[in-house]
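Residues: numbered from 1 along the sequence shown.
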Amino acid sequence: MQPVELNATVVEQTTALTLASAGEGNLFGMTILLNTAAVTVDVTGFVDEDGDAKTLRFTGSTTADVHVTFPYPLYAPGALTVTSSVADKAVIYWRKRV
């Protein structure tokens, strides 16, 4: 299997960060760094079976870094957007859909 080159983006702010336009993003995973208060990362761009927009929430830890990986990339039909509750505590692994 050929290796896949990914983007690794550090979420530097607590405001929404758009990584890819609608239909152009694949989410591969993330690392949420440990913090004194657990960090949450909200990812938008996904839809449910009825086509309604959905947000996925991932929660970090106060004792260890949390690594989230998926067996296959998650396709985001909407704009792939991430929001972290704490700045500089999340790294998102993604790439544009080809």
Side-chain angles (χ1 to χ4, degrees):
M1 177 181 265
Q2 194 78 322
V4 176
E5 187 174 299
L6 301 177
N7 297 308
T9 300
V10 176
V11 183
E12 293 184 320
Q13 301 175 8
T14 57
T15 55
L17 171 65
T18 301
L19 300 173
S21 301
E24 293 185 355
N26 283 331
L27 178 65
F28 284 77
M30 68 187 72
T31 298
I32 304 173
L33 302 176
L34 70 93
N35 193 50
T36 53
V39 176
T40 59
V41 176
D42 292 334
V43 184
T44 62
F46 301 103
V47 296
D48 65 13
E49 64 276 5
D50 296 324
D52 298 324
K54 294 297 173 184
T55 298
L56 302 177
R57 173 166 280 181
F58 299 90
T59 304
S61 171
T62 59
T63 58
D65 295 343
V66 173
H67 304 281
V68 178
T69 57
F70 307 107
Y72 299 97
L74 299 182
Y75 168 65
L80 181 59
T81 303
V82 296
T83 307
S84 178
S85 63
V86 179
D88 294 326
K89 291 292 182 178
V91 181
I92 311 300
Y93 308 111
W94 67 282
R95 79 178 275 186
K96 279 198 161 189
R97 190 170 164 87
V98 290

- Query: Out of N26, L80, V43, which residue meets the side chain to side chain contact (heavy atoms under 4.5 Å, CB included) rule with W94?
  - Reply: L80

- Item | hydrophobic_cluster_shared for F70 and I32, side chain cutoff 4.5 Å | yes

- Nearest heavy atoms of I92 and L27, plus distance in Å: CG2-CD1, 3.6 Å

- Message: Run the side-chain contact (heavy atoms from CB on, under 4.5 Å) test on F28 and T69 for me, step by step, so that the C-alpha distance in whole Å, both residues' side-chain angles and the decisive distance to 0.1 Å come before the verdict.
- Response: CA-CA 6 Å; F28 284 77; T69 57; over 6 Å; no

- Query: Where is the tightest heavy-atom contact between V39 and L33, given as atom of each residue plus distance?
  - Reply: CG2-O, 4.1 Å

- Message: Show, in sequence, the C-alpha distance, side-chain angles and deciding distance for D88 and V11, and conclude whether the side-chain contact (heavy atoms from CB on, under 4.5 Å) test is met.
- Response: CA-CA 6 Å; D88 294 326; V11 183; over 6 Å; no

- Taken to the nearest 0.5 Å, the spacing of D65 CG from L34 CG works out to 5.0 Å

- Note on the structure: Closest non-hydrogen contact found for A38 with S85 is O-OG, 4.3 Å

- Task: Could you walk me through whether L17 and T9 pass the side-chain contact (heavy atoms from CB on, under 4.5 Å) test, one step at a time?
- Result: CA-CA 10 Å; L17 171 65; T9 300; 3.8 Å; yes

- Any side-chain heavy atom of T83 within less than 4.5 Å of one from V41? no

- Can you tell me if N35 uses its side chain to pair, donor with acceptor, with the backbone of A37 under 3.5 Å? yes

- Would you name the heavy atoms of R95 and E5 that are closest together and state the gap between them? CD-O, 3.7 Å

- Task: Answer yes when K96 and E24 have at least one side-chain N-carboxylate O distance shorter than 4.0 Å, and no when they do not.
- Result: yes

- Going by atom types alone, do T31 and Y93 pair a side-chain donor with an acceptor below 3.5 Å? yes

- Message: Restricting to salt bridge (charged side-chain N to carboxylate O under 4.0 Å, His left out), what partner residues turn up for D48, sequence neighbours left out?
- Response: K54

- Item | Same cluster (ILVMFWY, side-chain, under 4.5 Å), V91 and V66 | no

- Note on the structure: Between A79 and T18 the two heavy atoms that sit nearest each other are CB-CG2, 4.3 Å

- Task: Please report the shortest heavy-atom distance between E12 and A87, naming the atom on each side.
- Result: O-CB, 3.1 Å

- Could you go through the side-chain contact (heavy atoms from CB on, under 4.5 Å) check for T14 and S84 one step at a time? CA-CA 5 Å; T14 57; S84 178; 5.7 Å; no

